[in-house]
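Let me begin by presenting the structure, written as structure tokens, before commenting on it.
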Amino acid sequence: MNNSFDTDKKTIDHPGQLARVLHNCLSELGYDWRLRQASHGISNSKDGLNYIASKTTQAAECSLLAVENARPILNNLSADAANLHKLWCQIPETTAAIIANQPTLNNALKQTLDFLNNVSSQAASTQACLTEIMIAQNFHDLTGQVIQNISRTIETVEQEMLQLLANDSANEEKEIKLDNGLLNGPVVNPQKQDDVYVNQAQADNL
Amino acid sequence: MTDKNLRFLVVDDFSTMRRIIRNLLKELGFNNVEEAEDGAMALKKLRDGGFDFVVSDWNMPNMDGLTMLQNVRADDALKDIPVLMVTAEAKKENIIAAAQAGASGYIVKPFTAATLDEKLNKILQNMAVHA
């Protein structure tokens, strides 16, 4: 009777002890530290994605605004050139005959008229280039959709990671040693970092 | 000859894309363009009346473009309005689903100005024939 009770107890205790040993080993190996580091990395990645989203939005909007501003300028240029061309064609015949007799003046007038004539076709070509620039901004919609998808995935992974950390019995605050190399790229979140310069003046002062 | 006063509704959750399509329509001579940022807002505007043509994205919050299209086709007052889908969803199933729901045309992003022009004209020609 006693003997059977001892056997049962051993069967129950043994896996428990193994689990504790395993947990301690993993802790000693630093898995919880790695989890914390990964969690920090995820937070950085989220900042990075937000940075990309905001920079690409700025770039696309800046390009669209420039295109929208340039169009009426080109239209005016084209209309003014056509108008001037028309005015020159309306000069009285007697004046035209006088100019025709002055080789230098005549040459200048001919070149001016050719130039005015070409302005509208060149403006049209430039408008086509502007359309290209404008339509190229649709990268913002496409990359934006991909970023949204990645953000959702990261959000899920982060939730699971936080759950794992919350389950970790050793819940004491551990300092995360950051890898402070010299190849960190653009500062994606200056508010969270006190060791970076956000403008040229600060860099110049240093 | 196409009526340049046609009233367009451009539906997309990205303001950049709405702006691009609005500008392209302007280049094609259509200046009467309004915008909506999802299917639900688009349906509301459409039900307020006065629109002749819809250019819509698919993937949007609140109500996606396909659901909006199905609602449009199920509504007696709206069912004849052409709906041109402009979307990054490029799977065969997507295109079939859109066609089954009654899309008038399907453009995959990224697209060119020429593609929009071509699809738009094709739909407008059909409209003229059936008018």
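Below, chain A is the first sequence line, B the second, and so on; all start at residue 1. The structure presented is a predicted model; accordingly, all values stated were derived computationally and were not measured.
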#### Entry: Nearest-0.5 Å distance, OG1 of residue A/Thr57 to CZ of residue B/Phe14
7.0 Å
### Task
Let me know if B/Ser15 has heavy atoms under 4.5 Å from chain A in its side chain, its backbone, both or neither.
side chain
### Query
Hey, what do you get for CG (B/Asn59) to CD (A/Gln148), rounding to the nearest 0.5 Å?
7.5 Å
#### Entry: Top contributor to chain A interface from B/Ile20, B/Asp57, B/Asp12, B/Ile21 [non-hydrogen pairs under 4.5 Å]
B/Ile20
### Message
Tell me if the CD atom of A/Gln90 is crowded by more than 12 foreign heavy atoms within 6.0 Å.
### Response
yes
### Task
Below 4.5 Å from any heavy atom of chain B, which atoms of A/Leu130 appear? Answer side chain, backbone, both or neither.
neither
### Interatomic distance, B/Thr16 atom OG1 to A/Met134 atom CE [nearest 0.5 angstrom]
12.0 Å
### Query
At a heavy-atom separation under 4.5 Å, does A/Leu64 approach chain B through its side chain, its backbone, both, or neither?
both
#### Entry: Contact check, side chains of A/Glu68 and B/Arg19, non-hydrogen atoms, under 4.5 Å
yes
### Message
So for B/Leu24, is it side chain, backbone, both, or neither that comes closer than 4.5 Å to the heavy atoms of chain A?
### Response
both
### Task
Determine, for B/Glu27 against A/Arg71, whether the closest basic-nitrogen to carboxylate-oxygen distance falls under 4.0 angstrom.
yes
### Message
If we define contacts as heavy-atom pairs under 4.5 Å, which of A/Leu142, A/Thr131, A/Asp141 has the most with chain B?
### Response
A/Asp141
### Summary
The reported gap from CD1 in A/Ile135 to CZ in B/Phe111 (rounded to nearest 0.5 angstrom) is 4.5 Å
